[in-house]
Protein chains: 2
Amino acid sequence: MTETAPAPAPPALTAAHRELLDQVLDKWSLQVLDSLCEQPQRFNELRRSVPAVTQKSLTATLRRLERNGMVERLVVRSRPVAVEYRITALGTTLQDLVDALLRWTADTLPDVEHARSRYDAEVLDDAGPRA
Amino acid sequence: MTETAPAPAPPALTAAHRELLDQVLDKWSLQVLDSLCEQPQRFNELRRSVPAVTQKSLTATLRRLERNGMVERLVVRSRPVAVEYRITALGTTLQDLVDALLRWTADTLPDVEHARSRYDAEVLDDAGPRA
DNA sequence: CAGTATCCCCTACGATACTG
DNA sequence: CAGTATCGTAGGGGATACTG
C-alpha cells in the first residue's frame with residue numbers, strides 16, 4: 001500500500017530524532033497543536049480548549065513547543081497583558097503528520113481492539129511464566 | 001504544501017486514539033518494531049539489537065506490542081525453549097507511519113535546532129517572568 | 001534461554017499558593 | 001490575565017537476583 005511515494009530511504013532512529021518526537025508528540029502537545037491549528041488563542045482560551053490540562057503542564061507544553069519552533073508567542077502590551085499563541089509554519093508541517101497518525105489509529109483501532117480482546121482472554125487468564 | 005492527498009477528514013483526538021499512540025510510539029517500541037521489521041528475532045537477539053534496553057523494559061514493550069497485535073510471539077518447544085518474535089501485518093502498517101515520522105524529523109531537525117538556539121539565547125539569558 | 005520478582009530512584013504531573 | 005514557585009505523590013524505568 002501507498003506505492004505512490006518512492007519512500008526516500010527512511011533515516012535511522014538516532015537519539016536526536018527520538019528526542020524531537022518525544023518533545024512534539026507528548027501527552028498535551030498534540031491537543032494543543034490541534035487546537036492552535038484552528039485558530040490562534042490566548043493562554044486561558046487554550047486552557048478551556050484542552051479541558052484536562054493544568055496551568056503548569058500547559059505552560060511547560062507551550063514553552064517546549066515554542067523552543068522547538070512549533071508555536072509562536074506574541075505579547076500584546078495592554079493592561080493587563082495579553083499573550084497570543086499561534087502555530088508556526090513548522091508547526092503546520094507537523095500537523096500533517098499528526099493527521100496521518102490519527103487516520104492510522106482510526107483505521108486500525110478496530111483491529112487493535114480485537115487483538116487486545118484475544119490477548120486478554122488467552123494470556124491473562126492463565127497466570128505464571130509464559131515459556 | 002502537499003495538496004496531493006485529499007486528506008479524508010482527520011478524526012478527532014480521543015482518549016482511545018491517544019492511548020494507542022502512546023502504547024505504540026513509546027520509548028522502545030519504535031526501535032523494537034524497526035529491528036523486527038528487518039527480520040524475526042529471539043529475545044536475546046533483540047536485546048543485542050536494541051543495545052540500551054533492559055530485560056524488564058524489553059519484556060514490557062514486547063508484551064504491549066503483542067497485546068496490540070503489532071508483534072507475534074512464537075514458542076518453539078525445544079530445550080531450552082526458543083521464543084521468536086516477528087512483526088505482524090498490522091505492525092508493518094505502523095512501520096510506514098514511523099518512516100513518515102522519521103522522514104519528518106530528518107527534514108525539520110535543522111530548522112528545529114535553529115529555533116532552539118534562538119530560544120535558548122533570547123529567553124534563557126534573562127530570567128524572571130515573561131509578561 | 002527467556003523470562004519473573006523485588007527494590008529503589010527519579011521525574012513527570014497535579015494541587016495549591018502567590019505575583020506583575 | 002498569564003504566569004512562577006513550592007510541595008507532594010504515583011509510576012515508569014533501571015539494577016539486581018532468582019527460576020522453568
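Here is the naming used below: chain letters follow the sequence lines, and residue numbers restart at 1 for every chain.
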Ignoring backbone atoms, establish whether B:Arg73 has a side-chain N or O less than 4.0 Å from OP1 or OP2 of C:dG3.
yes

Interatomic distance, CZ@A:Arg18 vs NZ@B:Lys27, rounded to 0.5 Å, equals 9.0 Å

To the nearest Å, give me how far apart CG (A:Asp22) and P (D:dG13) are.
11 Å

Strictly below 4.0 Å: does A:Arg79 bring a side-chain N or O up to OP1 or OP2 of D:dC1?
no

Determine: side-chain N/O of B:Lys56 to OP1/OP2 of C:dA2, distance under 4.0 Å, yes or no.
no

Short side-chain donor-acceptor distance under 3.5 Å, B:His114 and B:Ser117:
no

I need the CH2-C1' distance between B:Trp28 and D:dG14, as an integer number of Å.
10 Å

In whole angstrom, give the distance that lies between atom CZ of A:Arg48 and atom C1' of D:dC1.
10 Å

On DNA chain C, check which nucleotide each of A:Pro80 and A:Ala52 is closest to and give me the residue with the more 5' one.
A:Ala52

A:Thr59 side-chain N/O to D:dA2 phosphate OP1/OP2 under 4.0 Å:
no

Contact between B:Leu94 and A:Trp104 at the side-chain level, heavy atoms closer than 4.5 Å - yes or no?
yes

Any side-chain heavy-atom pair of A:Arg63 and A:Arg73 under 4.5 Å:
yes

Please determine whether a side-chain nitrogen or oxygen atom of B:Arg42 lies at a distance below 4.0 Å from atom OP1 or OP2 of C:dC1.
no

In whole angstrom, what separates A:Lys27's NZ from D:dG11's P?
12 Å

Would one find a side-chain N or O of B:Arg63 under 4.0 angstrom from OP1 or OP2 of C:dT4?
yes

Rounded to whole Å, please give me the gap between CZ in B:Arg64 and C1' in D:dG11.
13 Å

In whole angstroms, how far is the C1' atom of D:dT4 from the CG atom of A:Asn44?
15 Å

Rounded to whole angstrom units, what separation is found between the CG atom of B:Leu58 and the C1' atom of D:dG13?
13 Å

In the structure I gave you, are the side-chain heavy atoms of A:Glu45 and A:Arg48 within less than 4.5 Å of one another anywhere?
yes

Using whole Å, report how far CD of B:Gln55 lies from C1' of D:dC18.
11 Å

Any A:Tyr85 side-chain nitrogen or oxygen under 4.0 Å from OP1 or OP2 of D:dC1
no

Partner nucleotide of C:dA17 by Watson-Crick or wobble geometry (both distances under 3.5 Å):
D:dT4

